[in-house]
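Below: one structure, written as structure tokens.
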Amino acid sequence: TLSDYRPTFFLPTSVTQIFFGLVQKPLPFSLITNPLELSDGEQINLEWYPSNYSNMDPKTPIIIVVLGACGSSSDNYVTRLISQIKDRKWRTVIVNRRGFANQTLKANRFMHDNENEDLQEAIKYISEEFSKSPLYLIGISAGANNTARHLGIQGTDTPIRAYVSISNPFNLGRVSYSAQFEFWGRIFSFLIAKSFKKIVENHLLNAKMQSFVRKNFHDVDHVIREV
């Protein structure tokens, strides 16, 4: 239980734990990418482990994972989670957000514009393709916030049997205050903003998306320069 939890003695705070994770090398996992066409014409990648996931016992559980802001399946914390699931001989599938993890945007909707609907379509697809498999959901950081919101919207109308929320920034007011006024919060805010900037700049190489962004976002050139 939470009351019994004691952090590792040389990692006593959340900041030390984050930096320890950042300096660890990701574990070498090879995932299978399964593109999923969404109802609005967009495409997101589902990344599966192990490679024989589709040929396993139909009743083998599946852990659906939604990552943190700018997260990808090659991040250290993701590979460590996959390793834990692998030890149970279960299946893992990473549901990538549209536009993240080196995905190209095709539809005229930006990265966070359709988050709940995208996740709903992905879960529906997985539940139909693997109808005998128990489905469990894990959300991490921003992904925890998004998945909690999704389950709140869906209520009991979901095939998810159980859910784990990890490092959920549910108190957005407190997170915003930390990002603006506290030392470590400002550092993490800067690093996340730099990652977002790189993702947006990559999308702006696409002429269609460039036109869409300039039409729908105020003074995008100034925003990109200032980050």
Side-chain angles (χ1 to χ4, degrees), residues 29-75 77-78 81-82 84-86 88-170 199 203 209:
F29 282 105
S30 179
L31 278 66
I32 302 299
T33 300
N34 174 21
L36 175 64
E37 191 81 16
L38 300 174
S39 58
D40 68 348
E42 190 58 81
Q43 180 178 288
I44 61 173
N45 287 335
L46 307 181
E47 296 184 88
W48 291 86
Y49 186 87
S51 58
N52 66 333
Y53 72 92
S54 60
N55 297 321
M56 296 175 72
D57 185 327
K59 295 183 179 179
T60 303
I62 296 175
I63 308 297
I64 302 170
V65 182
V66 180
L67 307 180
C70 308
S72 74
S73 59
S74 61
D75 290 342
Y77 74 89
V78 182
L81 176 59
I82 293 173
Q84 294 291 317
I85 298 170
K86 170 180 172 289
R88 301 186 69 89
K89 296 180 171 55
W90 291 4
R91 295 178 277 203
T92 304
V93 56
I94 309 295
V95 177
N96 288 292
R97 294 185 184 85
R98 63 172 64 200
F100 285 82
N102 298 315
Q103 298 175 110
T104 301
L105 287 166
K106 300 193 300 180
N108 285 331
R109 308 184 78 165
F110 208 48
M111 294 178 285
H112 285 290
D113 188 37
N114 215 37
E115 193 107 41
N116 183 64
E117 290 82 358
D118 291 358
L119 182 56
Q120 183 176 357
E121 288 192 47
I123 291 175
K124 182 175 183 291
Y125 166 79
I126 295 167
S127 66
E128 291 176 350
E129 287 292 308
F130 301 91
S131 58
K132 296 182 180 180
S133 177
L135 302 184
Y136 303 98
L137 180 63
I138 296 178
I140 304 170
S141 190
N145 197 277
N146 298 330
T147 48
R149 176 177 180 269
H150 168 76
L151 292 177
I153 293 171
Q154 295 301 118
T156 58
D157 184 23
T158 177
I160 301 300
R161 293 196 180 188
Y163 167 60
V164 177
S165 173
I166 301 175
S167 298
N168 190 333
F170 59 88
I199 291 170
H203 287 307
M209 185 53 59

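Numbers for residues simply follow the sequence, beginning at 1. Every value quoted in this text rests on a predicted model; they were computed, and no experiment measured them.
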When rounded to the nearest 0.5 Å, the distance separating OG1 of Thr158 from CD of Gln120 is 8.5 Å
Does Phe170 offer a backbone N or O that forms a donor-acceptor pair with the side chain of Asn168 under 3.5 Å?
yes
Are side-chain heavy atoms of Asn146 and His150 found at a separation under 4.5 Å? no
query: Would you call Val95 and Tyr125 a side-chain contact if the rule is heavy atoms closer than 4.5 Å?
result: no
Side chain proximity check, Met56 to Pro50, heavy atoms < 4.5 angstrom
yes
Check for a donor-acceptor pair, side chain of Arg97 on one end and backbone N or O of Leu67 on the other, with a separation under 3.5 Å.
yes
Side chain to side chain contact (heavy atoms under 4.5 Å, CB included) with Leu31: of Ser73, Ser74, Ser51, only one passes, and it is Ser73
dist Ile32:CD1 -> Tyr53:OH (nearest 0.5 Å) comes out at 7.5 Å
Next on the checklist: Donor-acceptor pair, distance only, cut-off 3.5 Å: does the side chain of Thr147 make one with the backbone of Ala144?
Outcome noted: yes
Distance col, row Arg91:CZ vs Leu135:CG, nearest 0.5 angstrom, shows 9.0 Å
Review point. Would you say Asp75's side chain and Ser72's backbone share a donor-acceptor pair under 3.5 angstrom?
Key: yes
- Query: Under a 4.5 Å cut-off applied to non-hydrogen side-chain atoms, are Ile44 and Glu121 in contact?
  - Reply: no
- Is a side-chain N or O of Asn45 found less than 3.5 angstrom from the main chain of Thr33, in a donor-acceptor match? no
Taking the side chain as C-beta and beyond, is there a heavy-atom pair between Leu81 and Ile140 under 4.5 Å?
yes
Distance col, row Ile85:CD1 vs Ile62:CD1, nearest 0.5 angstrom, shows 11.0 Å
Measuring only between side-chain heavy atoms, which start at C-beta, is Lys59 closer than 4.5 Å to Ser133?
no
Distance-only, no hydrogens or angles: does the Glu42 side chain make a donor-acceptor pair with backbone N or O of Arg98 under 3.5 Å? no
